[in-house]
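What follows is one structure encoded as structure tokens, with my remarks underneath.
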Amino acid sequence: MRIPCPICGTRDRREFYYQGAASMLDRPAAEAPLEVWHDYLHLRDNPAGGTRDLWYHASGCGSWLVVERDTVTHEVLGAALVEACDAD
Amino acid sequence: MRFSGWRVLKEGLTGNKGWRPHWRNPQPKAEYDALIIGGGGHGLATAFYLAKEHGLTKIAVLEKGYLGGGNIGRNTTIVRANYGLPGNSEFYSHSLKLWEGMEQELNFNTMMSQRGVLNLFHSDGQRDAAARRGNAMRNQGDDAELLSREQVRALVPWLDFDNTRFPIYGGLFHGRGGTARHDAVAWGYARGADSRGVDLIQNCEVTGIDIEDGRVTGVQTTRGAIKAKKVGIVVAGRSSQVAAMAGMRLPIESHVLQAFVTEGLKPCIDHVVTYGMGHFYISQSDKGGLVFGGDLDFYASYAARGNLPMQEHVMEAAMTLMPMIGKARVLRSWGGIMDMSPDGSPIIDKTHIDGLYLNCGWCYGGFKAVPGSGFAFAHLIATDRPHVSAARLRLDRFETGRGLMDEEGTGAQHNLH
């Protein structure tokens, strides 16, 4: 699996750390109700097919990427930089 | 049809003409008392125990492919009860007891081999953790023995004990653990369920779950609608898709876990051995192949096959632990689809929909859980109350934060197990 980093070009999957679903970018407000936080932290669409997930180019430019992939075929369709994200 | 030594002898002398198919291939009926979605190990075991322990016989197992074609056919066949936390501890302890009686209970040779599971440790800290885990296992009533380096050497002299980076300090030995013939487990439960009147319906994919006023009323399938007041979802690997038919989102991410087998070799590995400094475990099948596996590939996947980086990592771990494996040739590799839950532990629970029950989240430990999971899920479906061995495998533990079972101590969030 190779991932097209917008900064470094297409690189081997070994260079990247996988975080999980890109829904992690939609962080609720601190005072949001428990169900909203539960939904954000634990529940997942977990699609069989097209998905958007977060990868960190750890052995490259250090960017966080949103990668579009197919979970059934492992095809990588594209990657874009995460514009603004709370990276804790 | 019962198996016995006498029967095998008689059939052998008469041209093996008396054997019959082990289960029927029935048409789905319009209505059942209970439906089990998923004809894998857990689903078939659930149907078997529903019939045997609870006297329910008007039940059907709906399988979209063929029986035992999912993860029960794609694992490394390891059976053990070496957990440390309440919840997992009593559940796997109960499951191991069922394993020990399985062949008699099913009248089927599942090739259960209690050859012992040896978890190696490579530092003082790991020794302390192993001692603690061993104590937890013994407190649960199971067996565990802390072995010194020399005791381990006497058992498995072919390991690299003096590895510069990760020398072997000793091991935790769980003698009642071992391996079993994975397909035979599915077949044995299928045969046992069928003989008690359960309809095993293959090539029957569930396409919808019917719900009226918060109660389940049946399912839609590729072979027509089937009514039932109780429906159990036990489809690890596809849990999120089936639960979505009932409008549910689950705390599950599906990941790929790879395993490997070498060409057949003469007997050389007598136990299941796990490496403490890399995710690596190995045993030898009765056909002689060395069966081994490692960690997840660590990205969401339904491909049922993995990629080269993790294969390379597993081979490196193998060579580090036991250099002799370098002379074996890998025959094939495969991948299974793991239901990864946030805390790395499973779920057997009711849902917010009356009559709809959920069994999922087996992470990479589903095989050893087959009998315990089937037993507990059958109890839940039949009585609407959790079985005592599985009362802590709750769906709501992530939302409430109560009763999380994070064996690795890494946190109860996705991507940490």
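In what follows, chains are A, B, ... by sequence order, proteins preceding strands, each numbered from 1. Because the structure is a prediction, the values reported are computed rather than measured.
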I'd like to verify something: which residue of B:Ser254, B:Ala304, B:Ser341 has the highest number of heavy-atom pairs under 4.5 Å with chain A?
B:Ser254
Taking side chain as everything from C-beta outward and backbone as N, CA, C, O, which of these in B:His313 sits under 4.5 Å from a heavy atom of chain A? Side chain, backbone, both or neither.
neither
Examine distances only and state if a side-chain atom of A:Asn46 and a backbone atom of B:Leu250 form a donor-acceptor pair shorter than 3.5 Å.
no
Side chain, backbone, both or neither of B:Asp339 within contact of chain A (heavy atoms, under 4.5 Å):
neither
Can you tell me which residue among B:Asp297, B:Asn415, B:Leu296 is in a side chain to side chain contact (heavy atoms under 4.5 Å, CB included) with A:Tyr18?
B:Asn415
Determine the minimum heavy-atom distance between B:Tyr299 and A:His74, stating which atoms define it.
CE1-NE2, 3.6 Å
Chain A heavy atoms under 4.5 Å from B:Glu399: which part of the residue, side chain, backbone, both or neither?
both
Would you indicate whether A:Arg52, at its atom CZ, is surrounded by more than 12 heavy atoms from other residues, nucleotides or ligands within a distance under 6.0 Å?
no
Segment of A:Trp55 engaging chain B (4.5 angstrom heavy-atom cut-off):
side chain
Considering non-hydrogen atoms only, spot the tightest contact between A:His42 and B:Ala412 and give its length.
NE2-O, 3.7 Å
For B:Arg238 against A:Ala48, the heavy-atom pair lying closest together
NH1-CB, 3.3 Å
Please give me the minimum heavy-atom distance between B:Ile252 and A:Arg44, naming the atom from each residue.
O-CB, 3.5 Å
As an exercise: rank B:Ser239, B:Ser301, B:Ser240 by heavy-atom pairs under 4.5 Å with chain A and give me the winner.
B:Ser301
With a 6.0 Å cut-off (strictly less than), is the heavy-atom count around OH of A:Tyr17, excluding the residue itself, greater than 12?
yes
Backbone N or O of B:Leu308 within a donor-acceptor pair of the A:Arg13 side chain at under 3.5 Å?
no
Is the closest basic N to carboxylate O distance between A:Asp39 and B:Arg249 below 4.0 Å?
yes
If I compare all heavy atoms of A:Asp12 with all of B:Pro309, which pair ends up nearest, and what's the gap?
OD1-CG, 4.4 Å
Sort out for me which of A:Met1, A:Gln19, A:Arg14, A:Met24 touches chain B most, counting heavy-atom pairs under 4.5 Å.
A:Arg14
Can you name the closest pair of heavy atoms from A:Ala21 and B:Glu253 and give their distance?
N-OE2, 3.8 Å
Does a donor on one side chain sit under 3.5 Å from an acceptor on the other, for A:Asp70 and B:Tyr302?
no
Taking atom CG of A:Asp45 and atom CD of B:Gln241, what is their separation to the nearest 0.5 Å?
10.0 Å
